[in-house]
S.K.: 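Right, I'll just put the structure down here and ask away after.
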There are 2 protein chains.
Amino acid sequence: MKATTFSALAEPNRLHIVELLARQPLTIGELAARLQLRQPQVSKHVRILSEAGIVEVEAVANRRICTLRAEPFEELDGWLRTYRQLWEDRFDRLGDYLQQLQHDASDPSPTDKADTSTHPDQEESP
Amino acid sequence: MKATTFSALAEPNRLHIVELLARQPLTIGELAARLQLRQPQVSKHVRILSEAGIVEVEAVANRRICTLRAEPFEELDGWLRTYRQLWEDRFDRLGDYLQQLQHDASDPSPTDKADTSTHPDQEESP
DNA sequence: CACAAGTATTCCTTGTCAGGAATATTCCTG
DNA sequence: CAGGAATATTCCTGACAAGGAATACTTGTG
């Protein structure tokens, strides 16, 4: 998962923009009116959202029509899938870990043991 | 949706922490080792994640065991539901809007018309 | 009770970002 | 082609966030 996606959504006005665009496409000016922001700031925010791949800007004469792109949301959805067991499975991960901690008091290889073996590997510096 | 959740995940190291904790709970020190960061910075990052409600910190003697909390992910999942039609329905929102733009050239109430009527209202300053 | 491991906190510095204001650009219309 | 609408860009300033370094706190142990 790219942090830039979260970064783009971390700004309240930008998050607001995204939620407005979820209802319908809007131009820069329309966004500015709804957000009570001045046009230049909206342009900047939209640019950032656009560079993050969240918003697509279509030029129609004078105006720029902003629409949401699906990809980042699909990616987010896929990312979330990894965490879905957190509230679905609900097994006692902390309990397991506490057990493991006690073991580790005498065990020389303390760190990477309790892998639940359901996650794709991304970490681990061997 | 709270921007603070995105804000907490916007920092690459913090996102990394979350992805590590998705596999198993870890202490501050273990996180520091995996992230190649110094302990104080990890403590700070974890504090921010904790204040955002993403991570729960349990004190066990000397150490602090960090685990993921489910709520923010559930909330994110619910939030995404609103956007799921973006890639599932795939109806031509931009085309609709272009139509509407032409209409609006003569129509005096240009802004709020094309409500798809499937979204909870949060915006609109009447 | 001194010591060490694990962690928290503070201070400092640097870089980044958001908004304001002014200005430039593009495009339509008469 | 002049003028106005919609938007982009630039410059500036103030706030804030992140890492480094040093230090304080806490807990188990000898």
Side-chain angles (χ1 to χ4, degrees), chain A residues 3-18 21 25-52 55-67 97-98 100-102 104-108 110-111, chain B residues 3-18 21 25-52 54-67 97-98 100-102 104-106 108 110-111:
Chain A
T4 65
T5 303
F6 291 123
S7 185
L9 297 172
E11 215 284 327
N13 288 316
R14 283 198 293 267
L15 184 54
H16 201 166
I17 289 179
V18 168
L21 293 183
L26 291 172
T27 68
I28 300 287
E30 291 169 333
L31 283 171
R34 284 167 169 73
L35 293 170
Q36 312 232 86
L37 278 184
R38 325 210 174 219
Q39 170 265 318
Q41 343 296 348
V42 175
S43 287
K44 295 176 195 173
H45 283 311
V46 167
R47 163 183 273 270
I48 292 180
L49 288 169
S50 155
E51 285 170 348
V55 159
E56 178 145 14
V57 180
E58 170 114 356
V60 171
N62 249 356
R63 350 198 176 183
R64 304 300 142 94
I65 304 182
C66 308
T67 49
Y97 192 74
L98 290 179
Q100 179 196 341
L101 265 190
Q102 303 220 349
D104 289 351
S106 41
D107 188 325
T111 50
Chain B
T4 64
T5 303
F6 290 123
S7 185
L9 297 172
E11 215 284 328
N13 288 316
R14 283 198 293 267
L15 184 53
H16 201 165
I17 289 180
V18 167
L21 293 183
L26 291 171
T27 69
I28 299 288
E30 290 169 334
L31 283 171
R34 284 167 169 73
L35 292 169
Q36 312 233 86
L37 278 184
R38 324 208 176 220
Q39 170 264 319
Q41 344 295 346
V42 175
S43 287
K44 294 177 196 172
H45 283 310
V46 166
R47 162 182 272 270
I48 292 179
L49 288 170
S50 155
E51 285 170 348
I54 297 177
V55 159
E56 178 145 15
V57 180
E58 170 113 357
V60 170
N62 250 357
R63 349 196 177 185
R64 303 301 139 95
I65 303 183
C66 309
T67 49
Y97 191 74
L98 289 178
Q100 178 196 340
L101 266 191
Q102 302 219 350
D104 289 349
S106 41
T111 51

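Below, chain A is the first sequence line, B the second, and so on; all start at residue 1.
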S.K.: Could you write out each protein N or O paired with an N or O of nucleotides 14-18 of chain D at a distance under 3.5 Å?
M.R.:
unit_1: D/dA18; atom_1: OP1; unit_2: B/Arg14; atom_2: NH1; d: 3.1
unit_1: D/dA18; atom_1: OP1; unit_2: B/Arg14; atom_2: NH2; d: 2.7

S.K.: Measuring from atom CG of B/Leu21 to atom CZ of B/Arg34, what distance do you get when rounded to the nearest 0.5 angstrom?
M.R.: 9.5 Å
S.K.: Donor-acceptor pairs are to be reported for all side-chain atoms of residues 6-14 of chain A against protein atoms at under 3.5 Å, with residues two or more places apart or in another chain.
M.R.:
unit_1: A/Glu11; atom_1: OE1; unit_2: A/Asn13; atom_2: N; d: 2.8
unit_1: A/Glu11; atom_1: OE1; unit_2: A/Arg14; atom_2: N; d: 3.2
unit_1: A/Arg14; atom_1: NE; unit_2: A/Ala8; atom_2: O; d: 2.7
unit_1: A/Arg14; atom_1: NH1; unit_2: A/His45; atom_2: ND1; d: 3.1

S.K.: Would you work out how much the helix from C/dC1-D/dG30 to C/dG30-D/dC1 bends between its ends, with each end axis defined by five base pairs, to 10 degrees?
M.R.: 20°
S.K.: Between A/Cys66 and A/Val46, which heavy-atom pair has the shortest distance, and what is it?
M.R.: SG-CG1, 3.9 Å
S.K.: Report the distance from atom CG of B/Leu26 to atom CG of B/Leu31, rounding to the nearest 0.5 Å.
M.R.: 5.0 Å
S.K.: Can you measure B/Gln41 atom CD to D/dA22 atom P for me and round it to whole angstrom units?
M.R.: 13 Å
S.K.: Would you mind reading off the distance between A/Leu35 atom CG and D/dT7 atom P, rounded to a whole angstrom?
M.R.: 13 Å
S.K.: Determine yes or no for a side-chain-to-main-chain donor-acceptor pair under 3.5 angstrom, with A/Glu30 supplying the side chain and A/Thr27 the backbone.
M.R.: yes
S.K.: Using OP1 and OP2 only, check whether a side-chain N or O of A/Arg47 sits under 4.0 Å from D/dT7.
M.R.: no
S.K.: How many angstroms lie between CD in A/Gln39 and NZ in A/Lys44, if you round to the nearest 0.5 Å?
M.R.: 9.5 Å
S.K.: Between D/dA6 and A/Gln39, counting only base atoms on the nucleotide and side-chain atoms on the residue, is there a donor-acceptor pair under 3.5 Å?
M.R.: no
S.K.: Can you tell me the distance, in whole Å, between the CG atom of A/Leu49 and the C1' atom of D/dA8?
M.R.: 16 Å
S.K.: Test of understanding: with salt bridge (charged side-chain N to carboxylate O under 4.0 Å, His left out), list the residues that count as partners of B/Arg47, not counting sequence neighbours.
M.R.: B/Glu51
S.K.: If I take atom CG in residue A/Leu37 and atom C1' in nucleotide D/dA6, what distance separates them, rounded to the nearest angstrom?
M.R.: 17 Å
S.K.: Using atom names, set out every protein N or O paired with an N or O of nucleotides 25-28 of chain D below 3.5 Å, distance rounded to 0.1 Å.
M.R.:
unit_1: D/dT26; atom_1: O2; unit_2: B/Asn62; atom_2: OD1; d: 3.2
unit_1: D/dT27; atom_1: O4'; unit_2: B/Asn62; atom_2: OD1; d: 3.4

S.K.: Rounded off to whole Å, could you give me the CZ-to-P distance for the B/Phe6 and C/dC17 pair?
M.R.: 18 Å
S.K.: Of B/Ile54, B/Leu15, B/Val57, which is the lone residue that meets side-chain contact (heavy atoms from CB on, under 4.5 Å) with B/Leu49?
M.R.: B/Ile54
S.K.: Taking OP1 and OP2 of D/dG20, is either one under 4.0 Å from a side-chain nitrogen or oxygen of B/Arg38?
M.R.: yes
S.K.: Kindly say if A/Ser43 contacts the phosphate of D/dA8, meaning a side-chain N or O under 4.0 Å from OP1 or OP2.
M.R.: yes
S.K.: Quick check for you: to the nearest 0.5 Å, what is the distance between B/Ile17 atom CD1 and B/Leu37 atom CG?
M.R.: 7.5 Å
S.K.: What are the atom names and distances for every N/O pair under 3.5 Å that joins the protein to nucleotides 10-12 of chain C?
M.R.:
unit_1: C/dT10; atom_1: O4; unit_2: B/Lys44; atom_2: NZ; d: 3.3

S.K.: Please give, in whole Å, the distance from D/dA8 C1' to A/Arg63 CZ?
M.R.: 17 Å
